[in-house]
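So the structure is just underneath, and the comments pick up after that.
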Amino acid sequence: PRPVRRSGGSRGRRRTPAKRSALLTVAVPSACVMGVAGIAAASVGGLGASAGETKDDTTNLAAADPASVKPVAANSKIDTQLAALSADARDFGDRASRTQERLDLKARQEAEKKKRDDEAKRREAMRPKFVLPVNREGLSAYYGQAGVNWMSVHTGIDFPVSYGTEVMAATDGTVRTQYNSAYGNMAIVTAADGTETWYCHLSSTRIRSGSVKAGDVIAYSGNSGNSTGPHLHFEVRPGGGSAIDPLPWLRSHGLDPT
Ligand SMILES: [Zn+2]
């Protein structure tokens, strides 16, 4: 145990107290002189400092002559004020704690949302934006071929798939369906850049309107219209205009059905 040392001690080696105890160092030994003010100062100081830091000073306070600490009317008033102050501090602490909990919850929710958004972005980035219209490679007819079924030349490519094969949107876009005596049941997907992809001779359609993503099954292949057997006739029409050869277009998007 350290010896009880009063301020202005005779050692000459003045302790340079940390700022936390400056108030107590002055106030406590002077309690008998300062009376109310000293006690109040000591009490207030005690509120702010942690238990470990005030230990020595508390000992000092206990060592002060109890007789000199006289309860006076002013004291109880200050006690009341201090109690209110203390209650305010607790209340503030409670509110701060609840605020912190709300902030923590908000931060967690935001972090979780960001995680979900990032995952969705990752999936969106990974998702193929161009897809072959059927899960089958090999063609039975090419673009530009002359043939009995075509008035001039072939305006698309034919996939030799059996009746009822799933037909997928080649691009993201908006789908619509119609019937044409030559093309039979057909679905048309219009991409954001205006490119139309046509899916013809269908047996039935699955998605007749609205937004689709590349790879969505929009219809089933068939033999409707001017067709001599089940297959999928596929066309590409930039800007909804004339049909181009779908093969270079597909290859430019990393796809090769041959
Ligand atoms: Zn065809």
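Indexing begins at 1, ligand by ligand and atom by atom, following the structure's order.
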ask   = Is any NZ, NE, NH1 or NH2 atom of the basic residue among Arg122 and Glu119 found under 4.0 Å from an Asp or Glu carboxylate oxygen of the other?
value =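 Glu119 and Arg122: salt-bridged.
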ask   = Just wondering, is there an N, O or S atom on His154 that's nearer than 2.8 Å to the Zn ion (ligand 1)?
value =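 Looking at His154, which is the residue asked about, there is an N, O or S atom under 2.8 Å from the Zn ion (ligand 1).
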task = Please confirm if an N, O or S atom belonging to Cys200, backbone or side chain, lies less than 2.8 Å from the Zn ion (ligand 1).
result =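 No.
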ask   = With ring centroids as reference points, do Trp249 and Tyr143 lie under 6.0 angstrom apart?
value =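 No: the rings miss the under 6.0 Å criterion.
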ask   = Would the Tyr183 and Trp198 ring centres measure less than 6.0 Å apart?
value =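 Ring-ring flag for Tyr183/Trp198: true, centres closer than 6.0 Å.
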query = When you measure from the Zn ion (ligand 1) to each N, O or S atom of His233, which atom gives the shortest distance?
reply =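 When I compare the N, O and S atoms of His233, ND1 is nearest to the Zn ion (ligand 1).
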message = To make sure I understand the geometry: which N, O or S atom in Asp158 is closest to the Zn ion (ligand 1)?
response =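 It is OD1, the N, O or S atom of Asp158 closest to the Zn ion (ligand 1).
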inquiry  = Which residue is it: Lys121, Lys114, Lys113? I am looking for the one with a salt bridge (Lys or Arg N to Asp or Glu O under 4.0 Å) to Asp117.
reply    =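 Answer to the salt bridge (Lys or Arg N to Asp or Glu O under 4.0 Å) test with Asp117 among Lys121, Lys114, Lys113: Lys113.
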